[in-house]
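Take a look at the structure below.
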Amino acid sequence: MAQLKPLVKDLEIKIFMGTWCSDSQREVPHFFKVMDQAGYDYNNFTLITMSREKTTPENFEEGLNITNVPTIIFYENEKERNRIVEYTIETLEKDMLNILQENTYQNAYAE
């Protein structure tokens with residue numbers, strides 16, 4: 001947590017999830033617990049719930065290639081840095097550290 005805390009301070013994050021999705025039910029509460037412990041203030045955070053078809057009435061997903069939920073997208077200077085898709089590779093904390101420390105990280109669906 002000590003390594004993660006300074007890296008999340010000004011981070012913009014969007015989560016696309018489904019309330020019907022067991023992966024979202026598992027990962028999203030865990031995400032909030034981690035971010036609370038890291039002192040994240042949620043000013044740059046957006047949570048978007050989707051239908052089973054991975055759509056929203058407002059088309060928030062347009063152009064973002066949301067194929068599985070949850071999708072946690074990390075932004076820096078309004079540009080996507082990386083994302084966690086559906087499930088973690090190691091743990092949520094380790095995956096986030098790999099992304100935010102700019103280590104090599106590929107989500108489960110990266111090409």
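Since the model is a prediction, treat every value here as computed from it, not as a measurement. Hydrogens, waters and symmetry mates play no part in the numbers below; they use all other heavy atoms, side chains included.
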Stepwise side chain to side chain contact (heavy atoms under 4.5 Å, CB included) test for Met96 and Thr88: CA-CA 9 Å; Met96 288 175 63; Thr88 59; over 6 Å; no
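Every side chain to side chain contact (heavy atoms under 4.5 Å, CB included) that Asn68 has, sequence neighbours left out, goes to Val85, Glu86, Tyr109. A search for ring-ring contact (aromatic ring centres under 6.0 Å, His included) contacts involving Phe31 returns Phe45, not counting sequence neighbours. When the side-chain hydrogen bond (donor to acceptor under 3.5 Å, both in side chains) test is applied to Asp95, the partners found at least two apart in sequence or on another chain are Tyr105. Looking at residues two or more places apart in sequence or on another chain, you find a side chain to side chain contact (heavy atoms under 4.5 Å, CB included) between Leu97 and Gln3, Leu4, Leu7, Gln101. Under the rule for a side chain to side chain contact (heavy atoms under 4.5 Å, CB included), the partners of Thr19 that lie at least two apart in sequence or sit in another chain are Met17, Thr49. Here Tyr40 pairs with Tyr42 under the ring-ring contact (aromatic ring centres under 6.0 Å, His included) rule; sequence neighbours left out. Residues meeting the side chain to side chain contact (heavy atoms under 4.5 Å, CB included) test with Asn43, sequence neighbours left out: Asp41.
Counted within 6.0 Å of CG on Asn59, heavy atoms from surrounding residues, nucleotides or ligands total more than 12; the atom is thus considered enclosed.
Annotation: side-chain hydrogen bond (donor to acceptor under 3.5 Å, both in side chains) contacts involving residues 21-30, sequence neighbours excluded, comprise Asp23-Arg26, His30-Glu93. The salt bridge (Lys or Arg N to Asp or Glu O under 4.0 Å) analysis of residues 44-57, with sequence neighbours excluded, yields no pairs. Residue pairs meeting the salt bridge (Lys or Arg N to Asp or Glu O under 4.0 Å) criterion with at least one partner in residues 5-20, sequence neighbours excluded, are absent. Screening residues 60-81 for salt bridge (Lys or Arg N to Asp or Glu O under 4.0 Å), with sequence neighbours left out, gives Glu76-Arg81, Glu80-Arg83, Arg81-Glu102.
Ile84 has its side chain within reach of Leu92: a pair of non-hydrogen atoms, C-beta onward, lies under 4.5 Å apart.
With side-chain heavy atoms closer than 4.5 Å counting as contact, directly or through intermediates, the hydrophobic cluster containing Ile66 also holds Phe16, Trp20, Ile48, Met50, Phe60, Leu64, Val69, Ile73, Tyr75.
Hydrophobic cluster membership is shared by Leu100 and Ile89, with clusters built from Ile, Leu, Val, Met, Phe, Trp and Tyr side chains linked at under 4.5 angstrom. Hydrophobic clustering (ILVMFWY, side-chain heavy atoms < 4.5 Å, transitive): Leu11 and Leu47 are in one cluster.
For the side-chain contact (heavy atoms from CB on, under 4.5 Å) with Ile72, the lone residue among Asn107, Ile99, Ile15, Asn82 that qualifies is Ile15.
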